[in-house]
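Data first, discussion second: the structure below is written as structure tokens.
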There are 2 protein chains.
Amino acid sequence: MEIEEHISTEERIIKAAEKIFLREGYAGARMQEIANEAKINKAMLHYYFGSKKELMEKIFSAKFKEFIPKVTEALQSETTFENVLRVYIDTYIDMLMRNPYLPLFLIDTMHRNPEFLSFTQNFPGKLFAAWLQKQVDLKKIRPIKPHHLLLNMIGLCVFPILAKPMFQKVFQIEETDYQQILTERKEMVYDFVMRAIKIDDE
Amino acid sequence: MEIEEHISTEERIIKAAEKIFLREGYAGARMQEIANEAKINKAMLHYYFGSKKELMEKIFSAKFKEFIPKVTEALQSETTFENVLRVYIDTYIDMLMRNPYLPLFLIDTMHRNPEFLSFTQNFPGKLFAAWLQKQVDLKKIRPIKPHHLLLNMIGLCVFPILAKPMFQKVFQIEETDYQQILTERKEMVYDFVMRAIKIDDE
DNA sequence: GTCTATATACAGATAGAC
DNA sequence: GTCTATCTGTATATAGAC
């Protein structure tokens with residue numbers, strides 16, 4: 001019975017480090033706090049992972065992969081452009097609402113500790129860009145550079161998560177109301193993007 | 001002649017603190033680095049500003065104000081909706097390209113050091129929201145909640161600045177090419193938003 | 001593997017001469 | 001106002017017993 005219930009020390013450290021690094025960022029995170037969270041002492045952290053840097057590398061490269069959308073399958077399936085768009089936005093916003101700390105953690109790290117970027121493998125995102133370009137060539141959508149369309153789509157999904165505290169402050173929005181806004185955006189973003197790129201019929 | 005050339009120590013500290021806090025964030029900033037940048041020693045920092053926290057408060061509240069768009073005049077002028085939108089996006093992207101560190105600094109601070117928020121005065125942003133709602137009521141644009149439209153507009157401007165390192169990595173874009181993309185967006189964002197919210201003629 | 005105790009470095013902050 | 005020297009706390013990291 002213990003086999004299923006037991007969580008290894010290493011696994012507990014990983015989970016604790018994820019929580020603290022994502023919430024506090026690399027500079028703000030404290031090894032002591034990670035140790036407390038994992039219910040061990042600081043010495044154990046170094047026994048398992050050597051240094052704060054090495055532990056961060058582990059967490060960062062894993063989270064980086066999580067954030068890059070896995071659209072490969074969707075693109076290969078023989079479905080409509082509209083469906084791909086809808087699935088993409090739905091999946092992305094769902095993931096973000098479950099991981100609200102993820103975007104700030106990645107963006108902050110890539111700006112202020114770019115050394116950790118070297119520990120991620122190369123991520124050629126050109127597949128989706130090429131697919132979007134094909135949709136333009138096929139006149140499924142208006143002419144628009146794939147990079148712009150991607151920045152638009154991802155920005156419309158991610159920015160409201162990043163800007164939450166600022167937006168709540170400036171527009172004096174309560175927590176529950178903001179959650180409501182985020183939920184509405186799955187429909188809204190799809191609609192907004194479709195209107196912006198659809199080809200007028202006549 | 002010295003009157004014009006002289007920059008007070010206090011002013012030099014402010015400038016130095018801006019540079020370091022914006023680049024490194026509160027947790028990552030070092031008082032020693034600020035002192036070096038201002039070409040003084042650490043003791044002087046404390047003589048002028050007391051503590052790291054007090055210095056940060058000064059910088060944060062000033063930068064927070066800078067980021068909130070000053071649209072009051074534009075809204076009161078008797079111009080078209082299209083012009084307000086164009087001026088808003090133009091002004092915002094211009095400001096962001098001159099201050100690339102600003103969005104991350106503010107967003108990071110508001111998430112991870114929300115205590116500094118209390119040092120900003122209340123910023124009711126409801127003026128612009130109300131104006132947008134009026135445009136909907138007047139059937140100048142499609143029905144859309146002002147909060148959504150604002151999140152969309154600001155997100156389309158700000159996100160590409162925040163996501164720059166990630167986007168460059170994933171799509172393997174050179175620095176000059178990315179700057180080119182950012183420049184193009186002044187036109188592109190206006191066009192994208194207008195298409196998304198305009199009312200079809202027939 | 002896990003712990004306590006400690007080494008080492010460096011941060012923010014202060015004392016006091018000038 | 002400005003400096004050097006120093007205090008104090010705390011961070012990462014290690015030594016060594018069990």
Side-chain angles (χ1 to χ4, degrees), chain A residues 2-61 105 108-109 112-116 118-119, chain B residues 2-61 105 108-109 112-116 118-119:
Chain A
E2 268 195 318
I3 293 170
E4 282 300 321
E5 281 196 30
H6 185 69
I7 303 164
S8 71
T9 304
E10 188 169 337
E11 193 60 27
R12 283 219 316 285
I13 294 175
I14 292 278
K15 288 294 167 202
E18 275 181 20
K19 178 169 173 179
I20 303 303
F21 276 132
L22 260 77
R23 201 180 58 201
E24 308 291 341
Y26 180 67
R30 294 292 167 257
M31 294 295 267
Q32 183 63 61
E33 206 177 353
I34 295 173
N36 293 345
E37 181 73 27
K39 297 191 203 305
I40 50 160
N41 56 58
K42 278 189 297 177
M44 290 292 282
L45 290 183
H46 290 93
Y47 175 80
Y48 275 95
F49 292 96
S51 71
K52 184 181 179 184
K53 268 188 144 48
E54 288 175 66
L55 185 51
M56 175 69 172
E57 286 161 22
K58 269 264 187 312
I59 306 298
F60 178 76
S61 63
F105 170 71
D108 173 40
T109 305
R112 310 220 250 232
N113 302 89
E115 67 268 24
F116 292 116
S118 59
F119 296 98
Chain B
E2 269 196 318
I3 294 170
E4 283 299 322
E5 281 198 31
H6 186 70
I7 303 165
S8 72
T9 303
E10 187 169 338
E11 194 60 28
R12 283 219 315 286
I13 293 175
I14 292 278
K15 287 295 167 203
E18 276 181 19
K19 178 169 173 180
I20 303 303
F21 276 133
L22 262 77
R23 202 179 58 199
E24 309 291 341
Y26 180 68
R30 295 291 168 257
M31 295 294 268
Q32 183 62 61
E33 206 178 354
I34 294 173
N36 294 344
E37 181 74 26
K39 297 191 203 304
I40 51 161
N41 56 58
K42 277 190 298 178
M44 290 292 283
L45 289 183
H46 290 93
Y47 175 80
Y48 276 94
F49 292 95
S51 68
K52 185 182 178 183
K53 268 189 143 48
E54 287 175 67
L55 185 50
M56 175 68 173
E57 286 161 20
K58 270 262 187 314
I59 306 299
F60 179 76
S61 64
F105 170 72
D108 174 40
T109 305
R112 310 220 249 233
N113 302 89
E115 67 268 24
F116 292 115
S118 59
F119 295 98

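Throughout, a chain's letter reflects where its sequence line sits, starting with A, and its residues are numbered from 1. Remember, predicted model here, so these are calculated numbers, not experimental data.
Comment: B:Arg23 engages B:Glu33 in a salt bridge, judged by a side-chain N to carboxylate O separation of less than 4.0 angstrom. Ion pairing between a basic and an acidic side chain is recognised when a charged N comes within 4.0 Å of a carboxylate O; A:Lys58 and A:Glu10 show no such pairing.
Judged purely by atom type and a 3.5 angstrom limit, B:Lys39 has no side-chain atom pairing as donor or acceptor with the backbone of B:Arg12.
Straight-line distance from the CD atom of A:Gln32 to the C1' atom of D:dG9: 14 Å, rounded to whole Å. Computed from coordinates, the B:His6 NE2 to D:dG1 P distance equals 11 Å when rounded to whole Å. If you measure from atom CD1 of B:Ile13 to atom P of D:dC3, you get 10 Å, rounded to the nearest angstrom. Atom CZ in B:Arg30 sits roughly 14 Å away from atom C1' in C:dA13 (whole-Å rounding). Between the P atom of C:dT14 and the CE atom of B:Met31 lies a distance of 10 Å, rounded to the nearest Å.
Note that CD1 of B:Ile59 is 12.5 Å distant from OH of B:Tyr26, once rounded to the nearest 0.5 Å.
Distances shown here put every side-chain N or O of A:Thr9 at or beyond 4.0 Å from the OP1 or OP2 atom of C:dG1.
Looking at B:Met56 and B:Lys52, their side chains never come closer than 4.5 Å, going by heavy atoms from C-beta outward.
Within 4.0 Å (heavy atoms only), B:Ala29 reaches sugar-phosphate atoms of the nucleic acid but no base atom.
Residues satisfying the side-chain hydrogen bond (donor to acceptor under 3.5 Å, both in side chains) criterion with B:Asn36, sequence neighbours excluded, are B:Gln32.
For the segment residues 35-58 of chain B, residues with any heavy atom less than 4.0 angstrom from an atom of DNA chain D are, sorted by number, B:Asn41, B:Ala43, B:Met44, B:Tyr47, B:Tyr48.
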